[in-house]
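Step one of this worksheet: look at the structure below.
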Amino acid sequence: RARQRVVARVGPGQARIGGRGPALGVDGRSRDGGSGHRRAVNRSSGAVVQTGLDDRWTRRPRDGVPGEGGGQVEAGGGSGRRAIGRARAVGTAYPQVVGLRPDKATPVGMPVREERLPRPEALERLGLREGALTMLVMGGSQGSLALNSGVPDVLRAAFGPEGRAPDGQPVQVLHSTGPRWLEEVAPRVADLPWYRPVPYVDAVAAWSVADFGVTRAGTGTLAEAAFHGVPLVMVPLPESAENHQFHNAQSVERAGAGRLVEQAHLAEQLGGAVLECAQPGTRAAMREAALGRSPAGAAARLADLVLRHVR
């Protein structure tokens, strides 16, 4: 609907809205990636851009300036600097972003797909059972080698061959390995009926059933978890630009919505963090904290920002 509002105002030839990327522009210019993005920025005559970038876009350390509270705005790199310099306004995923003039920044939050499924419907869609504590393991659309390598053995030790939490509740794990890694992960958990590795997941269904999760700490992932109220054990990508995933995870942990485990300490610390999140009282408190960070309405706020600056 946010997309339709902008296109209706400025025309289909003048509005470009990126797919998964957190960017929206008017005047025919939007995130295009690589040289296409640079050409669009150079031609732009007053776009509105939205930023709050994670490792999927900002890849080189020199391009990133970490945002306060765990953001990432590409204010130091060529394309990002030009886009922000030419923009009439910049919508941000975080209240403050280092390196961005306050008079140009408008916090809107990180747009996510604002859709939830009833738990029974989502469980059926995913082939999971009712009555079990459901844990989501996800390292992004392509999977994470570190999570795929380390998480199965940790969860086997934490929940045992029968898959039960310390309070006796049955556990089930939905692990999105990424297509490349499924054949490596599946044999390692073939003897665990409660552990289901899949190449990828229906994200809305997965977030709708997850009681807690183990993930990276990109801006998009954290926003989706907050919208759905899912506590997280976060393993930041160490190579993320300016180590911004670490700062993202710190922000979530400070808010009481999750636990941070550095990748270097995954083997020795992940199990304890997972068992902590499995406790009903702890999980309930984390869920409330996560919902308090929900970006609900961010897409509409970004569309409002664009429409206020349309000529």
Side-chain angles (χ1 to χ4, degrees), residues 112-144 147-216 220-235 257-259 270-271 273-284 286-287 290-291:
V112 299
R113 184 176 174 183
E114 297 187 16
E115 180 182 352
R116 299 182 181 94
L117 293 177
R119 187 178 180 89
E121 178 183 343
L123 287 169
E124 182 179 1
R125 182 179 296 188
L126 295 168
L128 300 175
R129 68 187 190 276
E130 185 64 82
L133 183 66
T134 303
M135 179 177 174
L136 174 64
V137 180
M138 184 168 61
S141 60
Q142 299 304 310
S144 160
L147 297 189
N148 290 340
S149 299
V151 171
D153 291 342
V154 169
L155 298 188
R156 180 190 294 272
F159 299 128
E162 295 184 356
R164 290 193 176 273
D167 63 358
Q169 184 176 7
V171 173
Q172 60 186 349
V173 175
L174 180 65
H175 184 154
S176 178
T177 65
R180 177 182 177 184
W181 308 107
L182 179 62
E183 292 184 359
E184 295 187 21
V185 175
R188 296 170 52 202
V189 297
D191 61 324
L192 302 177
W194 49 272
Y195 201 116
R196 187 178 178 204
V198 294
Y200 49 84
V201 294
D202 177 331
V204 171
W207 286 117
S208 295
V209 302
D211 293 302
F212 65 104
V214 175
T215 68
R216 290 300 197 182
T221 295
L222 301 186
E224 289 179 317
F227 175 77
H228 289 273
V230 178
L232 294 179
V233 178
M234 300 157 289
V235 184
R259 293 290 178 266
L270 181 63
V274 164
L275 290 176
E276 182 182 3
C277 289
Q279 297 174 8
T282 301
R283 194 169 67 253
M286 286 184 173
R287 172 177 169 78
L291 288 171

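By convention here, the first residue in the shown sequence is residue 1.
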Any heavy-atom pair between the side chains of [Y] and [X] that's under 4.5 Å?
X: V230; Y: L136; value: no
X: W207; Y: T221; value: yes
X: R216; Y: V235; value: yes
X: T215; Y: E224; value: no
X: V137; Y: L155; value: yes
X: N148; Y: E184; value: no

Taking the side chain from [X] and the backbone from [Y], do they hold a donor-acceptor pair closer than 3.5 Å?
X: R116; Y: S208; result: no
X: R283; Y: A278; result: yes
X: R287; Y: H228; result: yes

*asked:* Please check if the number of heavy atoms outside E115 that lie under 6.0 Å from its CD is greater than 12.
replied: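 Yes - once you tally the heavy atoms of other residues, nucleotides and ligands closer than 6.0 Å, there are more than 12.
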*Take atom CD of E276 as the centre, draw a 6.0 Å sphere, and report whether it contains more than 12 heavy atoms from other residues, nucleotides or ligands.*
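Buried by this count: over 12 neighbours within 6.0 Å.
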*Begin from the C-alpha positions of T134 and L128 and carry the test side chain to side chain contact (heavy atoms under 4.5 Å, CB included) through to its verdict.*
CA-CA 9 Å; T134 303; L128 300 175; 4.1 Å; yes
_Between R156 and D191, is the side chain to side chain contact (heavy atoms under 4.5 Å, CB included) condition met? List the steps._
CA-CA 10 Å; R156 180 190 294 272; D191 61 324; 2.8 Å; yes
*Considering residues at least two apart in sequence or located in another chain, which fulfil the ring-ring contact (aromatic ring centres under 6.0 Å, His included) criterion with Y195?*
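Per chain and number, Y195 pairs via ring-ring contact (aromatic ring centres under 6.0 Å, His included) with H175.
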Could you measure the distance from the [atom1] atom of [X] to the [atom2] atom of [Y]? Nearest 0.5 Å is fine.
X: R113; Y: F227; atom1: CZ; atom2: CZ; answer: 10.5 Å
X: S149; Y: W181; atom1: OG; atom2: CH2; answer: 7.0 Å
X: D202; Y: L174; atom1: CG; atom2: CG; answer: 10.0 Å

*Report the C-alpha separation of Q172 and V209 in whole Å, then their side-chain angles, then the decisive distance to 0.1 Å, and conclude whether the side chain to side chain contact (heavy atoms under 4.5 Å, CB included) test is met.*
CA-CA 11 Å; Q172 60 186 349; V209 302; over 6 Å; no
Which atom of [X] lies closest to which atom of [Y], heavy atoms considered:
X: A122; Y: A205; value: CB-O, 3.6 Å
X: M135; Y: F159; value: SD-CE1, 4.2 Å
X: T177; Y: P197; value: CG2-CB, 4.1 Å
X: L232; Y: A225; value: CD1-CB, 3.5 Å
X: C277; Y: F212; value: CB-CD1, 3.8 Å
X: P179; Y: Y200; value: CG-CD2, 4.3 Å

*With Q169, which residues qualify under side-chain hydrogen bond (donor to acceptor under 3.5 Å, both in side chains), at least two apart?*
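Listed in chain order: nothing, the list is empty.
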*Salt-bridge criterion met for E130 and R119 (N-O under 4.0 Å)*: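 Result for this pair is yes, salt bridge flagged.
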